[in-house]
Amino acid sequence: MTSTLDRTSDTTSGSPLDPALVARLAGLVTAAEGRATQSSYSPFDGALIGDVPTCTPEDVDEAVRRARTAQVRWAARPVAERCRILLRFHDLLLAEQKQVLDVTQVETGKARHNAFEELADAAMTARYYAHSAPRHLKATRRQGAVPGLTKTVEHHHPKGVVGVISPWNYPLTLAVSDAVPALLAGNAVVLKPDAQTPFTALIAVELLVRAGLPRELFQVVTGAGPELGPPMIERVDYLMFTGSTRTGRIIAEQCARRLIGFSAELGGKNPMLVLADCDLDKTVEGAVRACFSNSGQLCISVERMYIEDAVYDRFVPAFVDRVQRMRIGSGLGWEPEMGSLVSKAQLDVVRRHVDDAVAKGARVLTGGRPRPDLGALFYEPTVLEGVSDGMELMRDETFGPVVAVSRVRDADEAVERANDTCYGLNASIWSSAKRGAEIAPRIQAGTVNVNEGYAAAWASHDSPMGGMKDSGVGRRHGREGILKYCESQTVAVQRLLPVGPIPGMALERYAKVMTVAARALKKTPFVT
Ligand code: NAD
């Protein structure tokens, strides 16, 4: 590694948060007096951040009860009023960004620009849904059973109480951005953030309340997922889950038993295709962002690269050179491009995957080791060549700053290898815009970015985002991302004639009339 890494090793270490803020945020958790507490520590330097209650199933019960009561009054308020509150939340997020970014960084160890990325995403999601919810939710006239005689209207009612279980990697946006459409649709929310990152979720909830959201409408319970997940699923009307595929399967079974809807945003092993006609400089920069944002702890980040033979020998050295010049460091400044991993468990997975691949013959082109001189949980951005099936790194999600590069004959082989996985979350293609857009639909992934790593599709909030295959069920964003929190209802008003034989008509005659009508309707252009 170059000395650039060492130059950032002396940046300011992560500071503990203001104790008054920590106490205020912990006070937002719904927990009975005297509950045991659990502490969170900063990945930067191991400093104690603060304690939150270890909630119990009884606390979950109380949180859902409060949420249910508050939801009735909330659903009675006009959509436009709910939207105004979410737009104030958007403004508050931007105005209070210094404090929000500090909390997010101290709790996750991520670089400041990655913390900003999720703050901006939460603000943009709030803006998008606050502007579009009235359109998505409004009662809509539909084609009736008998044209001219049946007036049919589709309504969207809130489900009631929506449970949200969120992970630690983007603890701000993944805690609130899926809750925003649920709230706008007239639901209450009970959130269980990851045990490692409660304060980031809580500061967002505090801003929602400051923006005017009724305090009881957004409940938070803190503690271990396996303890609080089952009682939550027993009580809520819909569950939004973001996390690993393993946990997603457990939750899917529990939701199925209660016959409640759920949406799951799960893991990925996302491919990047570098084709011969790409812009080399832009591709190198894009690859660094795609692979190492949030130290690779991003569900949509790239872990496999398939590079067309004609460009491999120019792209790989340029990419490796750029990775070696990445600025890594801890602290609350804007300088580091990449921060820490979140936990020892995460560091262990990264080490295990790299060591296993190297032991089985992979070559380290750069990186490949922890950096305890920067912080106990730092790992170098790593590029590996010669990775093959049979290595853990090739099949399983690493969720760290590691990417495997492979040479492919042509675009067809790149597509084939990109699709050779049980996952289907995100993909990235670097080529001419036209060729990239033509190849994209052949990739089995919920989002495909052309000449961008992940941000173009993710931030297209008007369009659905989610996983194919083992990467998820359902979608967030766009129309699907709000209507999943609604019960759709069809109200059909029949006029003049019944949908059946008119009184006195023989049944056989009725069947003949209907047969003639069906043939005529098929030829009528405005009837679908
Ligand atoms: P995880 O599944 O272990 O935990 C996620 C959440 O689920 C946490 O809040 C945890 O407490 C809770 N949980 C754990 N076990 C539970 C159980 N039995 N019942 C109910 N809740 C339970 O995931 P993780 O490893 O902490 O997070 C990283 C994973 O999340 C990666 O696989 C990543 O790809 C995925 N992820 C996906 C997206 C997406 O949008 N598709 C976004 C971020 C992260």
Side-chain angles (χ1 to χ4, degrees), residues 38 40 52 54-55 57 60 108 110 114 117-118 121 125 163-175 177-178 190-198 200-201 220-236 239-255 257 262-270 293-303 341-350 353 396-400 421-427 445-447 454 457-459 464-477 481:
Q38 55 194 63
S40 45
V52 288
T54 305
C55 292
V60 175
T108 59
K110 64 175 65 180
N114 292 140
E117 192 176 34
E118 61 171 317
D121 181 64
T125 309
V164 176
I165 298 180
S166 58
W168 46 262
N169 65 329
Y170 279 72
L172 177 73
T173 197
L174 296 176
S177 294
D178 290 310
V190 178
L191 166 71
K192 194 214 78 61
D194 191 275
Q196 292 172 92
T197 52
T200 309
V220 184
V221 287
T222 46
E227 293 296 314
L228 303 185
M232 180 188 278
I233 294 168
E234 274 304 311
R235 289 162 179 78
V236 297
L239 191 86
M240 171 69 220
F241 173 74
T242 307
S244 64
T245 298
R246 185 183 47 77
T247 309
R249 289 189 204 283
I250 296 172
I251 280 171
E253 283 181 21
Q254 293 167 353
C255 290
R257 272 198 293 277
F262 79 104
S263 184
E265 299 289 344
L266 308 174
K269 190 77 189 173
N270 308 302
S293 284
N294 201 27
S295 308
Q297 302 165 118
L298 168 62
C299 54
I300 45 182
S301 72
V302 164
E303 298 198 353
L341 291 169
V342 75
S343 63
K344 174 150 184 328
Q346 210 54 39
L347 179 64
D348 288 347
V349 174
V350 172
H353 278 195
D396 300 341
E397 184 183 43
T398 306
F399 222 50
T421 168
C422 65
Y423 293 111
L425 190 57
N426 181 47
T447 49
Y454 58 85
W458 176 283
M465 188 274 150
M468 295 182 184
K469 302 198 267 189
D470 289 358
S471 288
V473 177
R475 296 288 184 269
R476 55 163 61 104
H477 296 170

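The figures here come from the full heavy-atom set of this structure, side chains too, leaving out hydrogens, waters and symmetry mates. Atoms within a ligand are numbered from 1 in the order they appear, just like the ligands themselves.
- The minimum heavy-atom distance between Asn294 and Asn114, with the atom names listed, is N-OD1, 2.9 Å.
- Contact atoms of ligand 1 toward Ser166: 6 (C), 8 (C), 9 (O) (distance under 4.0 Å to a heavy atom of the residue).
- Residue contact check: Leu425 has heavy atoms under 4.0 Å from atoms 41 (N) of ligand 1.
- Proximity to Asn169 (heavy-atom distance under 4.0 Å) selects the following atoms of ligand 1: 43 (C), 44 (C).
- Contact analysis leaves Ala195 out of contact with ligand 1, as no non-hydrogen atom separation drops below 4.0 angstrom.
- Of the heavy atoms in Thr245, none comes closer than 4.0 Å to ligand 1.
- Atoms of ligand 1 lying under 4.0 Å from any heavy atom of Gly225, numbered from 1 in the order shown and given with element: 11 (O), 12 (C), 13 (N), 16 (C), 17 (C), 19 (N), 20 (C), 21 (N), 22 (C).
- Taking any N or O of Leu266, backbone or side chain, at least one lies under 3.5 Å from an N or O belonging to ligand 1.
- When only interatomic distances are considered, the shortest N/O to N/O separation between Gln254 and ligand 1 does not fall below 3.5 Å.
- Neither the backbone nor the side chain of Ile300 comes within contact range of ligand 1; no heavy atom lies under 4.0 Å.
- Looking at atom 35 (C) of ligand 1, its nearest protein heavy atom turns out to be Gly243 O, 3.1 Å.
- The number of heavy-atom neighbours closer than 6.0 Å to CD of Glu227, taken from other residues, nucleotides and ligands shown, is 12 or below.
- Heavy atoms of Asp194 found under 4.0 angstrom from ligand 1 belong to the backbone as well as the side chain.
- The protein non-hydrogen atom at the shortest distance from atom 15 (N) of ligand 1 is Thr247 CG2, 3.4 Å.
- The ligand atoms of ligand 1 that sit less than 4.0 angstrom from a heavy atom of Gly229 are 20 (C).
- For ligand 1 and Trp168, the ligand atoms under 4.0 Å from any heavy atom of the residue are 24 (P), 26 (O), 27 (O).
- Inclusion of Phe399 in the set of residues having an N or O under 3.5 Å from an N or O of ligand 1 is not warranted.
- Under 4.0 angstrom from ligand 1, the non-hydrogen atoms of Leu174 all belong to its side chain.
- Looking at ligand 1, you won't find any N or O of Thr242 less than 3.5 Å from one of its N or O atoms.
- Protein heavy atom in closest approach to atom 11 (O) of ligand 1: Lys192 NZ, 3.0 Å.
- Taking every non-hydrogen atom of Phe241 and a distance limit under 4.0 Å, the qualifying atoms of ligand 1 come out as 2 (O), 6 (C), 7 (O).
- Judged by the shortest distance from any of its heavy atoms, Tyr170 lies outside the 4.0 Å radius around the atoms of ligand 1.
- Atom-to-atom distance recorded for Ile251:CD1 and Ile165:CD1 is 4.0 Å, nearest 0.5 angstrom.
- The option from Cys299, Ala224, Ser244 that lies nearest to atom 36 (N) of ligand 1, judged by heavy atoms, is Cys299.
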- Audit row: Tyr170, Thr242, side chain to side chain donor-acceptor pair (under 3.5 Å) steps and yes/no: CA-CA 10 Å; Tyr170 279 72; Thr242 307; over 6 Å; no
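- Between Glu397 and ligand 1, a contact under 3.5 Å exists for at least one N or O pair.
- Of the heavy atoms in Arg476, only side-chain atoms (C-beta onward) come closer than 4.0 Å to ligand 1.
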